[in-house]
Every structure is written in structure tokens, then in C-alpha cells.
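Okay, so here's the structure we're looking at.
This chain uses plain numbering: 1 for the first residue, then up along the sequence. One-based numbering, in listed order, for ligands and for the atoms of each. Hydrogens, waters and symmetry mates play no part in the numbers below; they use all other heavy atoms, side chains included.
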Amino acid sequence: MSERSSTVLSLRCRECKRDYPKEALHVCEYCFGPLEVAYDYAEISRRLSREIIQRRPTNLWRYRELLPLDQPPTVGLDVGFTPLVRCHRLGAALGHKELYVKNDAVCHPTLSFKDRVVSVALSKARELGYDTVACASTGNLGNSTAANAAQAGLKCYVLIPHDLEAGKIIGTTIYGARVIGVQGTYDDVNRLCSEIAGRHPWAFVNVNLRPYYAEGSKSYGFEIQEQLGWRTPAHVIVPMASGSLLTKIAKSIDEFVKLGLVEAKGTTRLYGAQAAGCGPIAEAVLAGRDAIKPVKQPSTIAKSLAIGNPADGPYAAAAIRASGGTAQAVSDEEIVAGIRLLAETEGIFTETAGGVTVATAKRLLDARRIPADEPTVICITGQGLKTQEPLAATARPLEIIAPRIEAFESILT
Ligand SMILES: *Cc1c(COP(=O)(O)O)cnc(C)c1O
Ligand SMILES: [Zn+2]
């Protein structure tokens with residue numbers, strides 16, 4: 001793709017619709033609305049078909065006309081196309097006949113869906129000529145930014161709340177990035193990063209590159225539809241931190257429908273999943289409020305979702321409402337039970353965020369809010385080996401024996 005053949009028109013304000021050049025910008029100067037990438041859909045529809053997509057390699061760049069680069073990607077070339085797993089045993093346990101898990105616990109290279117957004121953001125950072133990248137992270141974003149920056153030879157700064165899980169911290173420091181633990185919540189980290197971005201000429205993947213970064217999440221939704229046999233799912237249960245992934249799954253479905261790549265049999269209902277200890281978007285949806293009330297002191301084992309003042313909260317709540325879905329805020333006990341249930345029925349070990357979506361699915365199915373025979377996808381966005389701490393208390397103890405057959409036989413009872 002040369003600059004001339006780009007399908008990306010501009011950045012456009014979500015609120016007042018003013019256009020901006022394709023630079024490292026994220027807020028509208030006139031109304032302070034967030035900027036979003038605008039595409040030339042007439043041109044995309046001339047270029048894309050199911051057959052063309054299917055002939056391409058199995059990574060997120062098979063949808064490149066719908067991703068926000070002007071040049072060919074240079075970072076994260078092998079990211080994406082994770083399995084959509086048909087879950088018979090989890091379905092039986094929850095009373096559902098057509099249940100799927102979209103499994104980004106095995107996304108390359110850092111085992112979360114953040115590899116999608118980072119490969120897009122770092123490719124864009126390089127296009128724009130940056131040599132240093134940075135991010136504010138609840139854990140997974142730091143892992144992915146550091147790993148992809150290492151491969152791309154970019155300098156990298158990652159700022160995180162200082163009290164993240166050990167697996168998330170070592171999973172960033174190992175790549176040689178400067179990792180800074182901030183004494184505060186994610187919202188404190190994020191505020192600090194906005195200030196740093198004002199002083200240092202760095203590409204902050206989720207601050208000044210946020211419009212490009214966020215578009216990477218659409219690939220998760222494109223894959224779900226392609227892997228369902230070019231169908232839209234009837235129901236999708238989505239974890240929410242800033243709320244961005246949920247809005248981009250909605251956008252991915254709108255785009256595939258608009259381009260005629262899928263047939264939509266009715267609207268896809270979106271269900272937002274959060275932890276009770278930090279569920280500002282879910283609470284607004286459940287209360288029928290438009291405004292998001294920030295959570296000052298998040299308190300949950302689902303640290304990857306613990307954003308008290310979510311940037312895309314109002315848009316996520318609006319997308320849920322427009323789809324006819326709802327939200328849930330589940331307890332830490334339900335999260336652990338959800339992690340265990342998915343592991344024991346499907347052999348998939350997810351992190352706390354996946355426990356949140358499984359627990360939300362269980363609540364919605366128990367309440368018959370989701371019909372048992374309509375295609376339903378649970379989003380599993382991260383890997384369990386990174387968040388082992390909350391499982392220690394309920395883990396099965398190791399059965400230790402002497403190296404003798406009688407010792408083994410004696411424990412079989
Ligand atoms: C970041 C993250 C999310 C949600 O991201 P948003 O787009 O900010 O809502 C979900 N799951 C995991 C594991 C994450 O790391
Ligand atoms: Zn505006």
C-alpha cells in the first residue's frame with residue numbers, strides 16, 4: 001500500500017465531525033471530543049471480498065484495508081487469527097447449545113488481545129517517524145508494547161500501577177523496556193502519561209496514538225465473524241476496561257455488514273463485563289444512566305480491567321444500549337469460579353479478565369437473558385499464567401509421594 005492507495009481518509013471528531021490530518025492527534029481542538037479514524041468505504045468495497053481476505057495469511061493484516069495505516073505494516077506481522085473455539089462442555093455446564101470462546105489467551109507474542117492494538121499503533125508510530133514508544137498500562141498493554149518494541153528496535157517506556165501481578169511485571173521488564181511503577185491507580189498513571197506526552201516527543205500508544213491503537217481491536221471482531229462462517233454472532237460478552245474493545249467489536253460488525261461481507265440476521269447484542277470492585281460502565285448501564293460515575297479506588301483481582309475513569313465509557317454504554325444488550329459487574333469469587341470453570345471444561349487457562357466474562361455469561365444464561373440456542377461468543381482476552389496470585393487460595397494442593405508404587409497406589413482411593 002503506497003500513500004496514494006491508502007483507504008484512510010482522515011481523523012474525525014466523534015462529536016462535531018471535524019476532520020483532522022492523519023497525525024499523532026487524539027482530541028478535537030474545538031469540542032474536546034475524541035478523534036476516530038475515517039475510511040473510504042466505497043474504495044474498500046471495491047478492493048475487499050471474502051475470497052480476497054481468505055487468500056491472505058492468517059494474521060490481522062488480512063483486513064488491512066480496514067486498519068489505519070498508510071504504508072505496509074512493519075510491526076506485529078504475525079499477530080492475530082487466534083482460535084474461535086466451539087465450547088461443547090462449557091455450553092453443557094451453562095445450558096447453552098451454540099457457545100464459542102474467542103481465545104486471545106494465545107495471541108502472539110504476549111498472550112493477550114493487546115498484541116492487536118500494539119501492532120497497529122507501533123506500525124503507525126514508525127510511519128510517523130518516532131523512535132520511542134510508551135504507554136500507560138494495567139499490565140497487558142505494557143507486555144505487548146515492550147515485546148513488539150524490542151522486535152522493532154524502538155525505545156520503550158511503560159508506566160504501570162506499582163502493585164500489578166508479578167507475571168505482568170516480569171512480562172514487561174524481560175524485554176528491556178524502562179518500566180516505571182507509579183504509586184497510584186491506573187487513572188493516576190494515565191494522567192501522568194498525558195503530561196509526559198506534552199513534554200517528550202514519544203508515541204504513547206494509548207494517548208497521542210489512541211485513534212490508531214483502538215482500531216486494532218476491530219480485528220478481534222472481524223475474526224469472530226469470519227470464523228463463524230461469515231456470520232454475525234447473536235450475542236457477544238465483552239470485558240471492559242476503558243470500554244474501547246466493546247465499541248470496536250460493534251464497529252467491526254457494522255463495517256462487515258456495510259461492506260456485504262456478512263449477512264446480519266438481526267442485531268448482535270453486546271454485553272459488557274466488569275468486576276464489581278471497579279465497574280463504572282456496567283453500573284451506568286444497569287442504572288440506565290448516560291453519565292459514568294468514576295470509581296476512585298478500584299478494588300478487584302481483575303487488575304487488567306481496573307480503570308476507574310474509562311475514556312470510552314459513555315460510548316461503550318451507548319453501544320450496549322443500542323444493541324439491546326446489558327452489562328454485569330461480578331464479584332471476585334465469581335471471577336475465580338469462572339476461571340476454574342473454563343479451565344475444567346475447555347482446557348483454557350484465562351486471566352482474571354476472562355473470569356469476568358465467563359462469570360458474566362453464567363449470570364446472563366442463568367437468568368435466561370440470552371436464549372440457549374443463539375450463537376454466543378465469550379471474549380477471552382488474556383492468559384491465566386500471568387495472574388496466578390488470586391488462585392493460590394483455592395488451587396488443588398500438589399500430591400507429594402515417595403518414588404514407590406505402593407505410595408502411588410495408596411493415594412488412588
Ligand atoms: C485491556 C484489556 C481489556 C479491555 O480493554 P479496553 O479496550 O480498554 O476496554 C480486556 N481484557 C484484557 C485482558 C485487557 O488487557
Ligand atoms: Zn469536535
Side-chain angles (χ1 to χ4, degrees), residues 10-20 25-36 102-107 110-118 121 135-145 160 164-165 167-168 171-172 186-187 190 205-206 210-211 213-221 237-251 270 272-275 278-282 292 301-313 315-317 319-320 327 335 339 350-358 360 378-387:
S10 62
L11 294 179
R12 187 167 293 160
C13 175
R14 281 193 79 140
E15 296 298 332
C16 74
K17 311 296 175 198
R18 275 189 175 83
D19 281 314
Y20 288 84
L25 299 169
H26 65 117
V27 210
C28 176
E29 294 174 6
Y30 293 89
C31 75
F32 301 105
L35 303 185
E36 191 176 31
K102 175 61 174 168
N103 187 12
D104 266 18
V106 293
C107 202
T110 65
L111 311 176
S112 89
F113 97 95
K114 292 299 199 302
D115 290 322
R116 301 172 181 276
V117 286
V118 166
C135 67
S137 172
T138 58
N140 285 314
L141 183 59
N143 296 170
S144 185
T145 303
I160 52 174
L164 290 187
E165 302 91 340
K168 292 272 170 79
T172 303
Y186 174 81
D187 289 310
N190 198 36
V205 303
N206 56 343
R210 190 169 178 84
Y213 151 95
E215 286 289 287
S217 289
K218 290 191 310 190
S219 65
Y220 189 84
I237 298 147
V238 189
M240 301 187 293
S242 72
S244 175
L245 173 62
L246 188 139
T247 65
K248 295 298 176 174
I249 290 175
K251 188 175 179 185
L270 302 170
Q274 291 199 298
C278 186
I281 311 174
I292 309 291
I301 57 170
K303 291 175 191 265
S304 58
L305 303 182
I307 297 186
N309 190 10
D312 293 291
Y315 299 105
I320 291 167
I335 295 169
I339 293 171
T350 184
E351 68 146 66
T352 46
V356 171
T357 50
V358 173
T360 294
I378 301 176
C379 298
I380 294 299
T381 48
Q383 169 59 240
L385 289 168
K386 295 187 192 182
T387 62

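- For the pair R18 and Y30, the distance from NZ or CZ to the six-membered ring centre is under 6.0 Å and the angle to the ring normal is within 45 degrees.
- Which parts of ligand 1 touch S244 is read off a 4.0 Å heavy-atom cut-off, strictly below it: atoms 6 (P), 7 (O), 9 (O).
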Before giving the answer on side chain to side chain contact (heavy atoms under 4.5 Å, CB included), spell out for V238 and T357 the whole-Å C-alpha distance, their side-chain angles and the decisive distance to 0.1 Å. CA-CA 6 Å; V238 189; T357 50; 5.9 Å; no
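- Interface of A353 with ligand 1, defined as ligand atoms under 4.0 Å from a residue heavy atom, comprises 11 (N), 13 (C).
- Residue S242 places at least one N or O, backbone or side chain, under 3.5 Å from an N or O of ligand 1.
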Give the C-alpha distance, both sets of side-chain angles, the deciding distance and a yes or no for side-chain hydrogen bond (donor to acceptor under 3.5 Å, both in side chains) between D19 and S10. CA-CA 6 Å; D19 281 314; S10 62; 2.8 Å; yes
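- Salt-bridge check for D312 with K248: failed, with every basic side-chain N at 4.0 Å or more from each acidic carboxylate O.
- In terms of polar-atom proximity, T138 is not counted as a contact of ligand 1, lacking any N or O under 3.5 Å from an N or O of the ligand.
- Contact annotation for K248 and ligand 1: no heavy atom of the residue comes within less than 4.0 Å of the ligand.
- By the 3.5 Å distance cut-off applied to N or O atoms, I307 is not counted among the residues near ligand 1.
- Residue E29 holds its CD atom at 9.0 Å from CG of L35, rounded to the nearest 0.5 Å.
- If you check which protein heavy atom lies closest to atom 7 (O) of ligand 1, you get L245 N, 2.8 Å.
- Inter-residue side-chain proximity for L245 and I249 is flagged as met; some heavy-atom pair is nearer than 4.5 Å.
- Seen from the Zn ion (ligand 2), atom SG on C28 and atom SG on C31 lie at an angle near 110° (rounded to 10 degrees).
- With hydrogens and angles left out, the side-chain atoms of T247 and R14 include no donor and acceptor closer than 3.5 Å.
- Of the N or O atoms in S112, none lie within a sub-3.5 Å distance of an N or O in ligand 1.
- Close N/O approach between G382 and ligand 1 is not found [any backbone or side-chain N/O within under 3.5 Å].
- Residues L246 and M240 come closest through the heavy atom pair CD1-SD, 4.0 Å.
- Checked by distance only, ligand 1 and T381 come closer than 3.5 Å through their nitrogen or oxygen atoms.
- Close contacts of ligand 1 with E351, meaning ligand atoms under 4.0 Å from a residue heavy atom, involve 13 (C).
- The two atoms that bring R210 and A311 nearest to each other are NH2-CB, 4.1 Å, heavy atoms only.
- Close contacts between ligand 1 and L305 involve ligand atoms 3 (C), 10 (C), 11 (N) [criterion: under 4.0 Å to a heavy atom].
- Under a 3.5 Å cut-off, the side chain of Q383 and the backbone N or O of A105 do form a donor-acceptor pair.
- Heavy-atom contacts of A241 reach the following atoms of ligand 1: 4 (C), 5 (O), 6 (P), 8 (O), 9 (O) (cutoff under 4.0 Å).
- An N or O contact shorter than 3.5 Å links G243 to ligand 1 by distance.
- By the 4.5 Å heavy-atom criterion applied to side chains, K303 and T352 are not counted as neighbours.
- Against a heavy-atom cut-off of under 4.0 Å, N140 is close to the following atoms of ligand 1: 13 (C), 14 (C), 15 (O).
- Nearest protein heavy-atom neighbour of atom 2 (C) of ligand 1: K114 NZ, 2.4 Å.
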